[in-house]
There are 2 protein chains.
Amino acid sequence: MRLNLNKIKITMQVLKETLHKEGLRYTKQRQEIWNELRSSDKHRDAEEILFTLRKRGLKISRATVYRTIDVLVKNNLIDKLDIGDGRARFEYNDKYLHHDHLICTSCDKIIEFNNNEIEELQNKIAKQHNFKLLYHSHQLFGICKDCK
Amino acid sequence: MRLNLNKIKITMQVLKETLHKEGLRYTKQRQEIWNELRSSDKHRDAEEILFTLRKRGLKISRATVYRTIDVLVKNNLIDKLDIGDGRARFEYNDKYLHHDHLICTSCDKIIEFNNNEIEELQNKIAKQHNFKLLYHSHQLFGICKDCK
DNA sequence: AATTTTAATGAGACTAAATCTCAATAAAAT
DNA sequence: ATTTTATTGAGATTTAGTCTCATTAAAATT
Ligand SMILES: [Mn+2]
Ligand SMILES: [Mn+2]
Ligand SMILES: [Zn+2]
Ligand SMILES: [Zn+2]
């Protein structure tokens, strides 16, 4: 319990410092959106975040959700994920355990993987092209074990 | 010249056979869209294809472009590419020389790469998860050599 | 603590890519 | 040549995401 409360405090501090660094204000809505994303390992879309927070009694608009998500993505606090259905998903970005995704085209299940060899090869390719790698998007689409 | 004409004949035959296999008709519009994509190495969006063909005098609608693209993507004759600006791009799928992309977030340049080690690692990861890999999407975003 | 300054928010209008509808048309089968 | 059936075109519709602008709230100043 003690640890848990501290963890929340620390991640909220991360948000506060990021916003300060960008000259942005530490608002209730931004706190709630960040808390919602960092405390779950689901891949959420904007509308889902909006309605979850509204159900919880927060006064918040669609525009604010999209605007906040942009700030969080640009500052690498969350990652944007395209699973191929035209609706972007977002998830907490754990810098110490990066992962990419396998996506089942039959049941939409999302499976996470992390592979350091691929990460290294990506760096190597970028270097070969004298390209400054900022981020990447890597998805494997197919049929999961439960669907075949 | 002889070879060039034969090459066109062969790729048009590929389309004809694919459509036949799917119980679909070999129409003028489908021929022109396929010819447009297979004879260029650009990454085109739907609107671009539509206006190129109209400028060339073909009577064709937006709906037909999108519908045909879907057929070609599903049959692996072309690949769909998401460069992160909300507009899908399409390109000829050369089965004998697969490639993925580096995308400059500053000038939108698209650089192609192919790396067999990564392709093999993808297969390995899919196998580990008992996942039938159908296709993948792999983009490296950053700043190209001309922009930095 | 009250006031001033300035950025953020909410409601809903707007945009743009992609999809859908349905009457007219053209490909293929007969 | 005629019939059958899929395809097309025009434009309406959907939907994720963005924009506007009056109102509100955070932070700076007094
Ligand atoms: Mn994930
Ligand atoms: Mn390419
Ligand atoms: Zn599945
Ligand atoms: Zn560039």
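Per chain, numbering begins at 1; letters A, B, ... match sequence-line order. What you are looking at is a predicted structure, and each value in this text was computed from that prediction instead of being measured.
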Is the side chain of B:Gln139 donor-acceptor paired with the backbone N or O of B:Asp82 at a distance under 3.5 Å, no angle test? yes
Is the backbone N or O of A:Thr11 less than 3.5 Å from a side-chain atom of A:Trp34, with the two atoms forming a donor-acceptor pair by type?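 A pair under 3.5 Å: yes.
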Whole Å only: how far is the [atom1] atom of [X] from the [atom2] atom of [N]?
X       : N      : atom1 : atom2 : result
B:Leu58 : D:dT7  : CG    : C1'   : 14 Å
A:Leu24 : D:dA28 : CG    : C1'   : 16 Å
B:Lys28 : D:dA6  : NZ    : C1'   : 19 Å

So which pairs with a foot in residues 70-79 of chain A pass salt bridge (Lys or Arg N to Asp or Glu O under 4.0 Å), sequence neighbours left out?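 Qualifying pairs: none.
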Starting from the first five and the last five pairs of the helix from C:dA1-D:dT30 to C:dT30-D:dA1, work out the angle between the resulting helix axes, to 10 degrees.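 Nearest ten degrees gives 30° for this helix.
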D:dG17 OP1/OP2 closer than 4.0 Å to side-chain N/O of A:Tyr66: yes
Phosphate OP1/OP2 of D:dG9: any B:Thr64 side-chain N/O under 4.0 Å: yes
Under a 4.5 Å side-chain heavy-atom rule over Ile, Leu, Val, Met, Phe, Trp and Tyr, are [X] and [Y] clustered together?
X        : Y        : answer
B:Leu72  : B:Leu81  : no
B:Ile125 : A:Phe141 : no
B:Ile83  : B:Leu37  : no
B:Leu140 : A:Leu134 : no
A:Val71  : A:Leu58  : yes

Decide yes or no for [X] and [Y]: does some side-chain heavy atom of the first lie under 4.5 Å from some side-chain heavy atom of the second?
X       : Y       : value
B:Ile49 : B:Ile69 : yes
A:Arg30 : A:Leu24 : yes
B:Lys28 : B:Ile33 : no

Between protein and nucleotides 10-15 of chain D, what N or O pairs are separated by less than 3.5 Å?
none

Residue closer to the 5' end of DNA chain C, B:Lys16 versus B:Asp70 (nearest nucleotide):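 Upstream on the strand: B:Asp70.
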What side chain to side chain donor-acceptor pair (under 3.5 Å) pairs are there with at least one residue in residues 51-62 of chain B, not counting sequence neighbours? B:Glu36-B:Arg56, B:Arg44-B:Thr52, B:Glu47-B:Arg62, B:Ser61-B:Thr64
Residue pairs involving residues 126-135 of chain B (criterion side chain to side chain donor-acceptor pair (under 3.5 Å); sequence neighbours excluded): A:Lys148-B:Asn130
Exercise answer: donor-acceptor pairs, residues 100-113 of chain B side-chain atoms, under 3.5 Å, sequence neighbours excluded:
from     : atom 1 : to       : atom 2 : distance (Å)
B:Asp100 : OD1    : B:His136 : NE2    : 3.4
B:Asp100 : OD2    : B:His98  : NE2    : 3.1
B:Asp100 : OD2    : B:His136 : NE2    : 3.1
B:His101 : NE2    : B:His43  : NE2    : 3.2
B:His101 : NE2    : B:Glu91  : OE2    : 3.1
B:His101 : NE2    : B:His99  : NE2    : 3.1
B:Thr105 : OG1    : B:Gly142 : O      : 3.4
B:Lys109 : NZ     : B:Asp146 : OD2    : 3.2
B:Glu112 : OE2    : B:His43  : NE2    : 3.0
B:Glu112 : OE2    : B:His99  : NE2    : 3.0

Flag for B:Lys21-B:Asn75: side-chain donor and acceptor within less than 3.5 Å: yes
Using a cut-off of under 3.5 Å, enumerate the N/O to N/O pairs linking the protein to nucleotides 3-5 of chain D.
from  : atom 1 : to      : atom 2 : distance (Å)
D:dT5 : O2     : B:Arg25 : NH1    : 2.9
D:dT5 : O2     : B:Arg25 : NH2    : 3.3

Which of residues 72-85 of chain A have a heavy atom under 4.0 Å from DNA chain C? none
Which is the 5'-most and which the 3'-most nucleotide of DNA chain C that has an atom under 4.0 Å from a heavy atom of chain B? C:dA17 to C:dA28
Among all residues two or more places apart in sequence or in another chain, which pass the ring pair (Phe, Tyr, Trp, His ring centres under 6.0 Å) test with A:Tyr66? none
Run the side chain to side chain contact (heavy atoms under 4.5 Å, CB included) test against B:Glu17 and tell me which residues pass, sequence neighbours left out. B:Gln13
Which of residues 41-49 of chain A sit near DNA chain D, with a heavy atom under 4.0 Å from it?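 Within this stretch, nothing sits under 4.0 Å of the strand.
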